[in-house]
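In what follows, chains carry the letters A, B, and so on, assigned in the order in which the sequence lines appear, proteins first and then strands, with residues in each chain numbered from 1.
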Number of protein chains: 2
Amino acid sequence: MSRKITIKDVAKHAGVGIGTVSRVINGSNSVSPKMKKKIFESIEALGYTPNYVAQSLRTHKYKNIAFFADISNPIFAQIAKESQIELEQFGYTLSLCNIGEKDIANKISSFLEGRRFDGIILSIPKEDDEELNESLSNIDIPIVTINRDLPNLTAKVLTDYYSSVKEAIIYLLSLGHTNIALVGGNKEIRPTREGIRAYKDAYLIHNRVPNQALIKNGKFSSESGETIFMDLLPDIQKGYITAILSLNNQMFYGILRGMRKAKLQYPKDISIITFEDSELMQLLDPPLTVIHRPIKDIGKSIVKILIKSIEEPEQIEEIESVVIPTEFIIRDSCRPI
Amino acid sequence: MSRKITIKDVAKHAGVGIGTVSRVINGSNSVSPKMKKKIFESIEALGYTPNYVAQSLRTHKYKNIAFFADISNPIFAQIAKESQIELEQFGYTLSLCNIGEKDIANKISSFLEGRRFDGIILSIPKEDDEELNESLSNIDIPIVTINRDLPNLTAKVLTDYYSSVKEAIIYLLSLGHTNIALVGGNKEIRPTREGIRAYKDAYLIHNRVPNQALIKNGKFSSESGETIFMDLLPDIQKGYITAILSLNNQMFYGILRGMRKAKLQYPKDISIITFEDSELMQLLDPPLTVIHRPIKDIGKSIVKILIKSIEEPEQIEEIESVVIPTEFIIRDSCRPI
DNA sequence: CTGAAAGCGCTAACAC
DNA sequence: GTGTTAGCGCTTTCAG
């Protein structure tokens, strides 16, 4: 291929100085209309596009965002997708970095090392990883977290777990369930805490106090969900536990698998509700009662906050968390007692 | 934060020339061991990491790969994830760009414009988009395609649709099914073509010729799958069509939804097989007979080919397509006639 | 084997 | 308003 054409070529072609071309490209300072026109023509004629790498080196702006999460979780994949679509409007690029359970601080810093990003989108598996929080607070570019309360990180997009979990539990209590198991991930993350808080409050409203043993915590995986279900199984078979609310879709798969193995069916043998409304959730038979959250809105909010933090840092005071509403959708996976 | 420390700082700290530091960083040419040691110590002491942007500007190497696909499809999200994990080993970054159905050529070129990538991973919805193929062949960096036969693009990672579809159809024929519907996406992509070829060959082996009308093409969406199912419905209810093989997971969701609406159950009313073995596929009741492909291997192969094309372009002659084997897994969604 | 210097393509400060 | 120039941080000749 022929050599990439540069700003110099444009300047020569238009018979102007290189600086003037730069000004036109950046729309900065006033350039005389005739110059402007001439330069635009040359840009067009030569098919010039500025080299972002060179621009970045000069300006310390990279138009590039790093996305850290566990993409195995389809929800994060969707959020990544929506964020990318949104970022594109602003001319930004999204670079993926998958993180698992372990060695996250290292993974993040080695990913960031040497590379240049203007901002970060992040969701990590625990909030109380001190080493990680330490290294996170040393990062000097804006970070937007997803559903996490991290010390020093104020820009966050949260899902309103509280309202819908409360609504769901109240719904179950109204159906006559008294012992509802709550299955969630690590206690050290916001969704679990909020879920538990909502759970307790819902019981309170019904003038009851839930059995602490009904609150089960594990990891965001189907294996963990299945393990928890198996723990619960004796009490389910005894008829003590009659409903389960799962705060996480991946754990929910494990619960379903466990039910299958134990030859239990919903809603006959147990009522169930889960978070996240994927296409398949509706295909399960009977269709599932779920808590749904709008992924597209989450992506949009993330990007909005992030771009603002990057491009208008002076207004950073005003940047706080955004809470995305959820929706409780009743279908056919719960039955009255 | 304090100013980023640069190669100059290291040179000064070590009392050497800037070029020597560079040589040490790149492991290039021989530098005397004592120098090397001193410089490494300074790098360590100052916590220096080279600025990739500056390196890129100089070397025209960016350590960055662009990924174009429709991430709505969980399969592509998984492939993106696996590719990223693999690329990381080589120090490369993955930038996402979601593409939909329309205006793809523009999307790709505007994404690439000005930015610098060393390679591209790509899967597009049709193979016969001339404008797109034209613009693709003008790209002067290595491109690895996923399951597409594109003119001029020889580096590809393919899934062996043929063998498993053939196996699956033979399985159905052996169960006594004679009229098996084949549901796939656009005819202008390799998976569909290969699926159809396998389908016909399987019939041939049984000394039969399939009814062309049983081959249905649509788009990779559940809506399209449902529409096709509804087309098929009369013949299913008549008992003419007794089995369906879906080449695509998203279309399959639509088929399931259609079955639900029509109050049909598998395997009783119809036998079904689909591509892609997700966790939920096993949770459907009864569990589904599926064709499975190893996503991790696909990611690895993509990256292997891509890195080789980038870093050892002289061996490009040898770089051809890799075919990833598939596996036909029999569970309980088909019954004998 | 090593230091000095040119230059990747661009922006911004500086003159005119 | 506009051209010239320094320099972002790095690699790579070029001398020595």
Side-chain angles (χ1 to χ4, degrees), chain A residues 1-40 42-43 46-64 91 112-118 311, chain B residues 1-40 42-43 46-64 91 112-118 311:
Chain A
M1 200 186 94
S2 56
R3 195 181 53 78
K4 255 282 176 188
I5 85 118
T6 75
I7 199 170
K8 255 189 201 161
D9 302 317
V10 176
K12 193 183 297 173
H13 185 275
V16 302
I18 188 183
T20 311
V21 177
S22 174
R23 276 170 213 126
V24 169
I25 293 166
N26 296 289
S28 69
N29 284 340
S30 39
V31 178
S32 80
K34 41 200 74 172
M35 279 253 109
K36 221 177 232 174
K37 182 157 175 285
K38 201 160 47 167
I39 290 171
F40 273 129
S42 296
I43 288 176
L46 299 174
Y48 166 75
T49 63
N51 181 329
Y52 288 14
V53 176
Q55 286 184 328
S56 295
L57 184 59
R58 233 354 268 257
T59 60
H60 302 286
K61 294 191 177 97
Y62 309 97
K63 295 277 185 179
N64 196 193
L112 259 24
E113 193 165 282
R115 287 192 258 270
R116 299 296 186 267
F117 296 97
D118 309 288
E311 301 188 349
Chain B
M1 201 184 95
S2 56
R3 196 180 53 77
K4 255 282 174 188
I5 87 117
T6 76
I7 198 170
K8 256 189 199 161
D9 302 317
V10 176
K12 194 184 297 173
H13 186 275
V16 301
I18 186 184
T20 310
V21 177
S22 174
R23 277 168 211 126
V24 168
I25 293 166
N26 297 288
S28 68
N29 286 340
S30 38
V31 177
S32 78
K34 43 199 75 172
M35 278 253 111
K36 221 176 233 174
K37 181 156 175 287
K38 199 160 45 165
I39 290 171
F40 273 129
S42 296
I43 287 176
L46 299 174
Y48 167 75
T49 62
N51 180 329
Y52 288 14
V53 176
Q55 285 185 328
S56 295
L57 183 60
R58 240 344 278 255
T59 61
H60 301 285
K61 293 187 178 108
Y62 308 97
K63 294 279 186 177
N64 195 193
L112 258 25
E113 193 164 280
R115 286 192 257 270
R116 299 297 186 268
F117 296 96
D118 310 286
E311 301 188 348

Indicate yes or no for a side-chain donor-acceptor contact from [X] to the backbone of [Y] under 3.5 Å, with no hydrogens or angles considered.
| X | Y | value |
| --- | --- | --- |
| B:Asn26 | B:Arg23 | no |
| B:Thr49 | A:Glu113 | no |
| B:Asp118 | B:Tyr62 | yes |

Over how many whole Å does the gap from [X] atom [atom1] to [N] atom [atom2] extend?
| X | N | atom1 | atom2 | result |
| --- | --- | --- | --- | --- |
| A:Lys34 | D:dT2 | NZ | C1' | 14 Å |
| B:Lys12 | D:dG9 | NZ | P | 13 Å |
| A:Lys36 | D:dG1 | NZ | P | 10 Å |
| B:Tyr62 | D:dC10 | OH | P | 16 Å |
| A:Lys37 | D:dG1 | NZ | C1' | 19 Å |

| query | When rounded to the nearest 0.5 angstrom, what is the spacing between CD in A:Gln55 and OG in A:Ser22? | reply |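 Separation between the atoms: 8.0 Å.
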| Can you tell me how far CD1 of B:Ile5 sits from CD1 of B:Ile43, rounded to the nearest 0.5 angstrom? |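 It is 8.5 Å, given to the nearest 0.5 Å.
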| Minimum-distance pair of heavy atoms, taken over all atoms of B:His13 and B:Ser42 |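 Result for this residue pair: ND1-OG, 2.7 Å.
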| query | Is any side-chain nitrogen or oxygen of B:Ser32 closer than 4.0 Å to OP1 or OP2 of C:dT2? | reply |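 Looking at the OP1 and OP2 atoms of C:dT2, one of them is under 4.0 Å from a side-chain N or O of B:Ser32.
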| remark: Each nucleotide of nucleotides 9-16 of chain C classed B (base within 4.0 Å of a protein heavy atom), S (only sugar-phosphate) or -, in 5' to 3' order, makes BBBBB---
